[in-house]
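Because only heavy atoms are used, hydrogens play no part in the values below, and waters and symmetry mates are left out as well, while side chains stay in.
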Amino acid sequence: MGFSMEGEKVILVPYMEEHVPKYHEWMQDPALLQATGSEPLTLQQEYQMQLSWNQDPLKRTFIVLDKRLVVGEFVHGDSRAEAMIGDVNIYMNDPDDPQMAEIEIMIAESKCRGKGLGKESVLMMMAFAVEDLEIHVFRAKIGESNAASLNMFHKLGFEKISYSEIFQEVTLELQVTEAKRGELLRQMDNVVRHYPL
């Protein structure tokens, strides 16, 4: 991905090699592993994962930076690992509907939760996906114990479509109607895209 997106509270930057050590540190936390449905990886496996995510045409991943933690002026291409607080992803992996995207958000830094940073990140990612990738349906799979995330997605208009007893996971969906598309694209009016110089 050749650009970053700057909103009011967050900057979304491509997942870079410089982000991997901190990301790996986060993923040693059993609570984060459970919340994200992830398995622990070695540092080397995490570097391989970062590379594969950047090369997979069906995935888009941005690292979420808290603007308050960015030191100095932001320039696209700078990792700004000191300001990393999480990530936001979409996966277009439904062979029957290439315009359906599964969306995920993780705010790994607990001190940054509950401040609207996850919500802004999700809205920016959705607006990008609608504008650039013509996504018309979003899905989110969330562990039933993750009340904060379930609440946020409900407030964004997602509706429950299924529940997995085995995974103890709720699947939520949002159809991108013309009205929702317009609402999301208006979101981009306040977002600055940074490209390579």
List the atom pairs, with distances to 0.1 Å, where a side-chain N or O of residues 140-147 and a protein N or O form a donor-acceptor pair under 3.5 Å, not counting sequence neighbours.
residue: E144; atom: OE1; partner: Y163; partner atom: OH; Å: 2.8
residue: E144; atom: OE2; partner: Y163; partner atom: OH; Å: 3.3
residue: N146; atom: OD1; partner: S149; partner atom: N; Å: 3.2

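Nearest heavy-atom pair, V13 versus S4, reported as atom, atom and distance to 0.1 Å: CG1-OG, 3.6 Å. Nearest approach of V64 to L12, heavy atoms of both residues: CG2-CD2, 3.7 Å. Shown here for H24 and T42, the closest heavy-atom pair between the two residues is CE1-C, 3.4 Å. The shortest non-hydrogen separation linking I107 to L117 is CD1-C, 4.4 Å. The two atoms that bring P40 and L33 nearest to each other are N-CD2, 4.0 Å, heavy atoms only. Closest non-hydrogen pair, Q187 versus A127, comes out as CB-CB, 4.4 Å.
One finds the CG atom of L172 at 8.0 Å from the CD1 atom of I161 (value rounded to the nearest 0.5 Å). Atom OG of S121 and atom CD1 of I11 lie 11.0 Å apart (nearest 0.5 Å). One finds the CD atom of E183 at 8.5 Å from the CE atom of M126 (value rounded to the nearest 0.5 Å). Here M106 contributes atom CE and M27 contributes atom CE; the two are 5.5 Å apart, rounded to the nearest 0.5 Å. Note that CG of D66 and CD of E109 are 9.5 Å apart. Values are rounded to the nearest 0.5 Å. In this structure, CG on L51 lies 12.5 Å from CD on E46, to the nearest 0.5 angstrom.
In this structure a side-chain-to-backbone donor-acceptor pair under 3.5 Å is missing from R186 to R181. Side-chain atoms of E120 do not come within 3.5 Å of backbone N or O of G7 as any donor-acceptor pair. Under the 3.5 Å distance criterion, the side-chain polar atoms of N89 are left unmatched by any main-chain donor or acceptor of K59. In this structure, the side chain of R80 does not engage the main chain of G77 through any donor-acceptor pair within 3.5 Å.
The number of heavy atoms from other shown groups lying within 6.0 Å of CD (E134) does not exceed 12. With a 6.0 Å radius and a threshold of 12 heavy atoms from other residues, nucleotides or ligands, E17 has its CD atom at or below the threshold. Within a 6.0 Å sphere centred on CD of Q28, heavy atoms belonging to other residues, nucleotides or ligands number more than 12. For NZ of K67, the number of neighbouring non-hydrogen atoms (other residues, nucleotides, ligands) closer than 6.0 Å is greater than 12.
Counting only heavy atoms from C-beta outward, the side chains of W26 and M84 approach each other to under 4.5 Å. I103 is listed as a side-chain neighbour of F158, based on a closest heavy-atom distance under 4.5 Å. Between L184 and L123, some side-chain heavy-atom pair lies under the 4.5 Å cut-off. Put simply, the side chain of E82 reaches to within 4.5 Å of the side chain of V71, judged on heavy atoms. Side-chain contact between L156 and L174 is absent, with no heavy atoms from C-beta onward closer than 4.5 Å. Counting only heavy atoms from C-beta outward, the side chains of M92 and P98 never approach each other to under 4.5 Å. Put simply, the side chain of L133 reaches to within 4.5 Å of the side chain of R60, judged on heavy atoms.
Listed by first and then second residue, the ring-ring contact (aromatic ring centres under 6.0 Å, His included) pairs involving residues 83-126 amount to none (not counting sequence neighbours). Listed by first and then second residue, the salt bridge (charged side-chain N to carboxylate O under 4.0 Å, His left out) pairs involving residues 147-173 are R139-E173 (not counting sequence neighbours). Listed by first then second residue, pairs satisfying ring-ring contact (aromatic ring centres under 6.0 Å, His included) with a partner in residues 178-197 read F3-Y195, F74-H194, not counting sequence neighbours.
Counting only N and O atoms by type, the side chains of D87 and Y15 include no donor and acceptor under 3.5 Å apart. Defined by atom type and a distance below 3.5 Å, a donor-acceptor pair is missing between the side-chain atoms of H19 and S79.
Taking the salt bridge (Lys or Arg N to Asp or Glu O under 4.0 Å) definition, one finds that D97 meets it with nothing, sequence neighbours left out. With sequence neighbours excluded, the residues forming a salt bridge (Lys or Arg N to Asp or Glu O under 4.0 Å) with E131 are R193, listed by chain and number.
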Test side chain to side chain contact (heavy atoms under 4.5 Å, CB included) on V88 and M124 and set out the steps. CA-CA 10 Å; V88 62; M124 286 169 63; over 6 Å; no
